Structure formats: C-alpha cells, structure tokens
Amino acid sequence: MTNPNRFLRIGLTTLFLGVTLILVAVLMSHQSTPSLAQEGTEEATPEPEDGGDGGVTAVPDPNSEDIVERGAYLVRVAGACQDCHYGGGDFNAVYEDPLNIDLSGGFAFAYQPWGTVYAPNLTTLGEWTDEQIENAIRYGVRPDGAALLPPMPYELYAGMSDDDMAAVIAYLRSLEPVENAIPQAELDGKIREDIRTVPELDPEAEFPALDFSDPLTRGTYLATHVSACLRCHGSLAEDGVSVDPEAPALGEVPQYTDFGEFTFPSLAQSELSDWSDEEIKTLIHDGIKPNGEPVFFMPFYAFANLTDSDVDALIAWVRSQP
Ligand code: HEC
Ligand code: HEC
C-alpha cells in the first residue's frame, strides 16, 4: 500500500519478530471463529464475534435483509475501507478490531507525486445528501465540485451496483460521529483539477446488480468494484493517476512511500503456477503465505470475514487473470 506506516511496521517487525508472531497468533485465534463457524455448512451465518468494549458485533451478513448490515459487509469486510479511513492513528488497532475500528480518518498519504492527501473522516457525513456521498465514492467528486484525489479508488468503485452503493451509504450514515478534524491536502500550490479531471456526472446513470450465480462474475465484480484488489495488483489508466478497472492484475500500480516508489505482486498465472487454490485462499482469508509467513500490506484482516463463497469467487477471478 501507499502507507509509509506500514514500512515502519515492517521495520519494527524485523526488529521485534517475536512480538509480531504473538500478534499474528492472537489475530489468528481471533479470526478463526467466523471461518470455523462456516465450515461444513455452505453459507452458514457466521457466529457473532466479540467486538470488545463490552459490545458484541456480529460478522455482517452480505445477504441480510437489513441494508445497514449489508453495508457493513461491503465497507468493513469486502471493501476494507478501514484500510485507509481508520481513525486513531494506530494501524495495529485495525488488525485487532476491523469490525469496530472507527472510520474517522486522518492518515496522511505523503510522498504522492501530487503532494500529501489525508484520509477523510467517514463518520461525519451527516450533512451530505446520499447523492453527494455517492458522487464522492463513485466519481471522486466532492460536494463543492472539486476532484478527490487518489489513492481514493473511486475509479474502481465507479462500477459498484446501485444496491451496494445504497447499502454503503446507509452504513456510513449509521456510524456514530467521531470528532476528528482532517487537514487540507497539501498540493504544492496546485489545485485538485491540475492533477485530475472531474468526469461529467450523469445522475440518470444506472448500475443494475449482476447475476452472481456465476462465481467468476461475482469475483470480478468484487475484485474490481468493491474489494478494489486492482488498486494494488492492477495497472494505471492512461491519465497516469487512476487505476484502469479493465486492465489485468499485473502489479503495475506505483505505490508511493518515503522508501520510494514500488509495486505489489502481479497476479499473472505465470507468477501463481506453484500456488494451489487452497494456498491462495489461505493468503486472502488468513493472511498467511504458503511458506507460513504473514502477509504484509494486504487487508486480509478484513477479508478474513468474507463468506466462503466470496473467497471462492475471488479465487476464480485470480485464476482468470492472464
Ligand atoms: C487506498 C485508500 C482508500 C481506500 C481503500 C478508500 N478510500 Fe475513501 N478516500 C481516501 C482518500 C485519501 C480520500 C480523500 C482524497 C482527497 O482528499 O482528495 C478519500 C475520500 C473519500 C470520501 C470523501 C469524503 C470527504 O470528506 O471528502 C468518501 C465518502 C470515501 N472516501 C469513502 C470510501 C469508502 C466507502 C471506501 C470503501 C468502499 C473507501 N473510501 C476506500 C482513501 C481511500
Ligand atoms: C493494499 C494493497 C493490496 C490489496 C488491496 C490487495 N492485495 Fe493482494 N497482495 C498485496 C501484497 C503487498 C502482496 C504480497 C504480500 C507479501 O508478500 O507479504 C499481495 C499478495 C497477493 C497474492 C499472492 C501473490 C504473491 O505473489 O504474493 C494474491 C493471490 C493476492 N494478493 C490476491 C488479492 C486479492 C484477490 C485481493 C482483493 C480481494 C487483493 N489481493 C487485495 C497487496 C494487496
């Protein structure tokens, strides 16, 4: 990810490997509850998980009748929005409680070629209309008409279905407001539109839900428009700023950090020929690599609560890459 904190984390991890192993062990015991609960029974509703702080938070069900719960699945599990919008400044807290960590933002995306952009507070959108929230997520346009900047992957969320968008908005509205003033972006004297063009908005555009009985259709939808796997594993669009939603996952999106620019792995089949589907599943779902090492940077802590069928769908998508 574009997140220099994580480099710090890698550094710390190297120094304090023991601590990390304990953390991973704690995480695994924490996260094994929902997956075990699903074993054997196809699509069983996951058992409630202790959310800490006295509250009990169930793993959200993507097929719930409750739109807020469906939104929680999209934001907290499949979408991993907390990966960037987490509040409180301590990324380890995201690992510890991905379902409850507040989404009040504040993380600084420094070292981007366009300057420093801060992750906004998603708990205080109460004054925005649904359409304004949708325009931000789908088109990267703020209520004042200004362009949002990457790494917010609006270009990928652009294809989210109307139903899922409504659920995401309902969930964001349900969040308890957390006060956290977010600094203005620092763009070196440039305005946002110097960096990226705002698309023409079509309020009539419709995004019907797809037929998800085919795992590859579901997997491609999730990987592109919800989980945004392409923000890390994809390629840049022609504008040189946003991610190309159509391009295969060849690992060509530059990630900017204080360690310089680099890329994440390609998911081309030639790179994955040694991996079994089970190993890919363990990586996505548990954050463990075939050699037993923990995965860095990938939001597996969120994907850990994916339903089995969504993990299978994502594997079908990975296997469909050239
Ligand atoms: C890779 C990091 C990243 C991810 C993942 C991400 N965002 Fe963002 N988001 C940002 C950044 C950074 C901005 C602000 C960009 C700017 O200031 O131009 C932003 C802006 C927004 C805004 C506009 C809010 C405001 O006050 O301007 C909304 C709404 C939003 N994101 C919702 C979401 C949702 C919902 C998800 C998950 C489905 C998500 N984001 C995932 C980084 C991310
Ligand atoms: C925030 C960036 C990020 C996102 C989002 C992300 N990944 Fe990854 N992924 C990585 C990184 C980094 C690695 C290598 C991790 C390591 O080696 O520790 C990786 C590794 C992988 C691998 C193993 C390939 C290899 O050679 O190591 C697969 C398969 C994979 N990701 C699939 C996915 C899928 C499917 C999604 C979406 C559901 C996804 N990733 C979302 C960053 C990301």
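First listed ligand is number 1; within each ligand, the first listed atom is number 1. From a predicted model like this one, the values you see are computed outputs, not experimental measurements.
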Does ligand 2 have an atom under 4.0 Å from some heavy atom of Glu271? no
Contact atoms of ligand 2, heavy-atom distance to Ser227 under 4.0 Å: 38 (C)
So, Cys229 and atom 8 (Fe) of ligand 2: N/O/S under 2.8 Å, yes or no? no
Kindly indicate whether a cation-pi arrangement holds for Arg76 with Tyr171, taking the cut-offs as under 6.0 Å to the six-membered ring centre and within 45° of the axis. no
My understanding is that we take every heavy atom of each candidate and find the minimum distance to atom 2 (C) of ligand 2. Doing that for Pro294, Ala249, Cys232, Pro265, which one comes out nearest? Cys232
Is Val117 touching ligand 1 with its side chain, its backbone, both, or neither, if touching means heavy atoms under 4.0 Å apart? side chain
Backbone, side chain, both or neither: what part of Pro150 comes under 4.0 angstrom of ligand 1, heavy atoms only? neither
Sidechain-backbone polar pair: Asn135 side chain, Arg142 backbone, donor-acceptor under 3.5 Å: no
Residue-level breakdown please: for Leu314 versus ligand 2, do any non-hydrogen atoms fall below 4.0 Å on the side chain, on the backbone, on both, or on neither? side chain
side-chain contact (heavy atoms from CB on, under 4.5 Å) between Leu283 and Asp286, worked out: CA-CA 6 Å; Leu283 181 126; Asp286 308 313; over 6 Å; no
How many angstroms lie between atom OH of Tyr154 and atom CZ of Arg138, to the nearest 0.5 angstrom? 15.0 Å
Which atoms of ligand 1 are found less than 4.0 Å from any heavy atom of Trp128? 24 (C), 25 (C), 26 (O), 27 (O)
Number the atoms of ligand 2 from 1 as they appear, then name those within less than 4.0 Å of a heavy atom of Ile284, with their elements. 35 (C)
Answer yes or no for Met152: is there an N/O/S atom below the 2.8 Å cut-off from atom 8 (Fe) of ligand 1? yes
Check Tyr157 against ligand 1 and report side chain, backbone, both or neither, counting heavy atoms closer than 4.0 Å. side chain
Distance-only donor-acceptor check, side chains Tyr301 and Asp83, under 3.5 Å: yes
Determine whether the side chain, the backbone, both or neither of Ile137 has a heavy atom under 4.0 Å from any heavy atom of ligand 1. side chain
Short question: side chain of Glu261, backbone of Pro254 - any donor-acceptor pair under 3.5 Å? no
Is a donor from one side chain sitting under 3.5 angstrom from an acceptor on the other, for Asp164 and Tyr221? yes
Show, in sequence, the C-alpha distance, side-chain angles and deciding distance for Trp114 and Phe109, and conclude whether the side-chain contact (heavy atoms from CB on, under 4.5 Å) test is met. CA-CA 10 Å; Trp114 43 86; Phe109 291 89; over 6 Å; no
In His233, the N, O or S atom nearest to atom 8 (Fe) of ligand 2 is which? NE2
For Ser64 and Asp66, run side-chain hydrogen bond (donor to acceptor under 3.5 Å, both in side chains): C-alpha distance rounded to whole Å, both residues' side-chain angles, the deciding distance at 0.1 Å, then the answer. CA-CA 5 Å; Ser64 168; Asp66 176 5; 5.1 Å; no
For Phe297, atoms of ligand 2 separated by under 4.0 Å from a heavy atom: 1 (C), 2 (C), 12 (C)
No-hydrogen, no-angle side-chain donor-acceptor test under 3.5 Å, Asp163 and Ser161: no
Ligand 1 to Ala80 polar contact by distance, N or O atoms, under 3.5 Å: no
With a 4.0 Å cut-off on heavy atoms, is Tyr118 touching ligand 1? yes
Under 4.0 Å to a heavy atom of Pro151 - the qualifying atoms of ligand 1, by number: 1 (C), 2 (C)
May I ask you to identify, for Lys289, whether its side chain, its backbone, both or neither come under 4.0 Å of ligand 2 on a heavy-atom basis? side chain
Tell me which part of Pro299 gets within contact of ligand 2: side chain, backbone, both or neither, using heavy atoms under 4.0 Å. side chain
Report yes if the side chains of Leu236 and Val241 come closer than 4.5 Å at any heavy-atom pair, otherwise no. no
So the atoms of ligand 1 within less than 4.0 Å of a heavy atom of Cys84 turn out to be 1 (C), 2 (C), 3 (C), 4 (C), 5 (C), 42 (C), 43 (C)
May I ask whether Pro153 places a heavy atom under 4.0 Å from ligand 1? yes
Are any of the N/O atoms on Ile280, whether in the backbone or the side chain, positioned under 3.5 angstrom from an N/O atom of ligand 2? no
Can a salt bridge be assigned to the pair Asp61 and Arg70 using a cut-off of 4.0 Å between side-chain N and carboxylate O? no
Hey, does Arg192 come in under 3.5 Å of ligand 1, counting only N/O atoms on both sides? yes
Mode of Leu122 contact toward ligand 1 - side chain, backbone, both, neither (heavy atoms, under 4.0 Å): side chain
Asp239/Arg196 salt bridge by N-O under 4.0 Å criterion: no
Output yes when the distance from some N or O of ligand 1 to some N or O of His85 is under 3.5 Å, and no in every other case. yes
Just checking, is any N or O donor in the side chain of Ser242 or Glu155 under 3.5 Å from an acceptor N or O on the other one? no
Which bit of Leu267 is near ligand 2, meaning a heavy atom under 4.0 Å away: side chain, backbone, both or neither? side chain
Should the pair Tyr86 and Phe107 be assigned to parallel (<30°), tilted (30 to 60°) or perpendicular (>60°) ring geometry? tilted
